[in-house]
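Whatever order the structure lists ligands and atoms in, that order sets their numbers, starting from 1.
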Amino acid sequence: MSDDKLKPLREQIDSIDAQILELLNRRARVAEQVGHVKAETNAPVFRPEREAQVLRKVADMNPGPLVAADVQTIFREIMSSCRALERRVVVAYLGPPGTFSEQAVYQQFGHAIEGLPCASIDEVFRATEAGTADFGVVPVENSSEGAINRTLDLLLQTTLSISGEVSIPVHHSLMTKSGTMDGIRRICAHSQTLAQCQVWLNLNCPGIERVAVASNGEAARMAADDPTTAAIAGEIAGQRYNLGVVKAHVQDDPHNRTRFVVIGRLQPGASGKDKTSLALAVPNKAGAVYNLLAPLATHGVSMTRFESRPARTGTWDYYFYVDVEGHQQDEKVDRAFAELRQNSAFFKILGSYPLSLN
Ligand SMILES: O=C(O)C(=O)C[C@]1(C(=O)O)C=C[C@@H](O)C=C1
């Protein structure tokens, strides 16, 4: 009975799908032409500022009933596939596959890329600096645990620039091979993850040893090999290694998020809604930090993040990591930076890039 009613509706869907398919391939052929123009001038294939503009535009134009975020997900994949016709970009990230870093890669680049899982954050920087990867994606801060210090240290030294940011919700699950805690003697996860779950673990698993390992993906792999080991990781990592969920959402903060940055040789142009990251240091004397930041206020540039990190060179006391609204090519940002540079003992623009969509 209901099939009789479904049939004409499905015929409509089939006809619309045929039109979508035709349009998608028309779009892809234009992207191929863009690829030829870029190849003639050796221009970069991935243009994050253009992709950000397209994603903002489709969200603004979206009449519904599809929700804007879903429309953006669809268009991100369309652009990813079109981009892959020009060239498939290689993106290094903290592996193994199944980590939140891999999710961040797909959220930024879509799925039509070649992922390069690396054993450490250092390795992601090295692979990108060496040109083995076009881009790297590294975690920079977590909403519960704060800065990822290794990334901050490496950003100071690298010749690469930040060309994008991605923020993703981080929900951790306790998982084992059997899906129960029977016979479990240790719980493995990355040290940041253990810290993000410590209240829950103290309450629920007080007597079980906690072991920090290189990544949550590695913890999941270990749990798959050993029935006495439990892993805390994202459920995608658990699925990859066939683990059973003992308890979902064991992170202490239900709104836990991690922000990642994209690093590479590319320096994106302005997209209209951008952010610039800086690293600075001042001589250790009274009022120095206040004076350092005064030019931002003078030129009306908003600071969205301020982070300090002890300098380990012995030359200065602290490095400051500052994010401001705007692109370094914006006139007021450029003027403020010229003054900041004069007040600083160390001044490095880490990169200007489009604001993340979430
Ligand atoms: O506009 C471009 O430069 C393109 O290459 C096209 C396109 C797209 O599919 O819209 C693909 C890749 C770029 O990163 C940006 C946009």
Side-chain angles (χ1 to χ4, degrees), residues 17 19-63 66-93 101-116 124 127-128 131-138 160-168 260-277 327-329 350-358:
D17 283 351
Q19 293 172 53
I20 293 174
L21 190 61
E22 159 60 19
L23 286 171
L24 284 175
N25 281 297
R26 253 169 72 189
R27 189 187 195 286
R29 282 191 291 272
V30 178
E32 277 179 330
Q33 289 175 33
V34 173
H36 293 142
V37 174
K38 286 180 181 172
E40 281 164 14
T41 53
N42 233 339
V45 166
F46 178 53
R47 298 291 298 271
E49 71 279 27
R50 169 68 183 159
E51 294 199 8
Q53 286 165 346
V54 171
L55 295 177
R56 285 176 202 144
K57 195 167 56 200
V58 292
D60 287 348
M61 287 183 340
N62 176 39
L66 286 176
V67 296
D70 291 348
V71 169
Q72 288 179 323
T73 302
I74 293 166
F75 272 82
R76 182 174 301 293
E77 292 301 332
I78 292 174
M79 284 194 286
S80 184
S81 299
C82 288
R83 193 197 315 124
L85 291 174
E86 299 178 34
R87 196 169 69 79
R88 197 172 272 264
V89 294
V90 179
V91 187
Y93 65 93
S101 295
E102 188 190 37
Q103 267 184 51
V105 169
Y106 291 140
Q107 183 157 320
Q108 177 72 359
F109 291 91
H111 282 70
I113 52 121
E114 192 182 316
L116 180 68
V124 176
T128 315
T132 315
D134 299 296
F135 296 95
V137 169
V138 285
L160 303 170
S161 296
I162 300 178
S163 56
E165 64 170 350
V166 197
S167 161
I168 61 168
F260 296 81
V261 289
V262 181
I263 48 169
R265 279 167 299 281
L266 181 75
Q267 299 196 0
S271 75
K273 282 184 191 162
D274 302 282
K275 191 189 249 190
T276 300
S277 297
H327 194 281
Q328 54 186 302
Q329 290 163 357
L350 301 176
S352 289
Y353 47 94
L355 278 182
S356 72
L357 300 167
N358 41 21

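Using modelled atom types, one side-chain atom of Arg76 and one backbone atom of Gln108 make a donor-acceptor pair closer than 3.5 Å. Judged by distance alone, with hydrogens and angles left aside, the side-chain atoms of Arg83 form no donor-acceptor pair with the main-chain N or O of Ala31 at under 3.5 Å. The closest donor-acceptor contact from the side chain of Asp60 to the backbone of Val58 lies at 3.5 Å or more, if one exists at all. Under the 3.5 Å distance criterion, the side-chain polar atoms of Arg56 are matched with a main-chain donor or acceptor of Lys273.
Neither the backbone nor the side chain of Ala31 has a heavy atom within less than 4.0 Å of ligand 1. Residue contacts with ligand 1, taken as heavy atom pairs separated by less than 4.0 Å, involve Glu51 solely via side-chain atoms from C-beta onward.
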For this session: Apply side-chain hydrogen bond (donor to acceptor under 3.5 Å, both in side chains) to Tyr353 and Ser277, showing your working.
Result: CA-CA 9 Å; Tyr353 47 94; Ser277 297; 2.7 Å; yes
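Protein heavy atom in closest approach to atom 16 (C) of ligand 1: Arg50 CG, 3.8 Å. Taking atom 7 (C) of ligand 1 as the reference point, the nearest protein heavy-atom neighbour is Glu86 OE2, 4.5 Å.
For Val34, the heavy-atom gap to ligand 1 drops under 4.0 angstrom. Proximity of Val45 to ligand 1 is established by a heavy-atom distance of less than 4.0 Å.
In this structure, of Arg83, Glu32, Arg27, the residue bringing a heavy atom nearest to atom 10 (O) of ligand 1 is Arg27.
A centroid separation of less than 6.0 Å is found between the aromatic rings of Phe135 and Phe109.
Atom numbering of ligand 1 starts at 1 in the shown order; those under 4.0 Å from a heavy atom of Lys38 are 2 (C), 3 (O), 4 (C), 5 (O). Under a 4.0 Å criterion applied to the non-hydrogen atoms of Phe46, ligand 1 contributes the atoms 14 (O). Close approach of ligand 1 to Cys82 (heavy-atom distance below 4.0 Å) involves ligand atoms 9 (O).
Within a 6.0 Å radius of CD in Glu77, more than 12 heavy atoms belonging to other residues, nucleotides or ligands are found.
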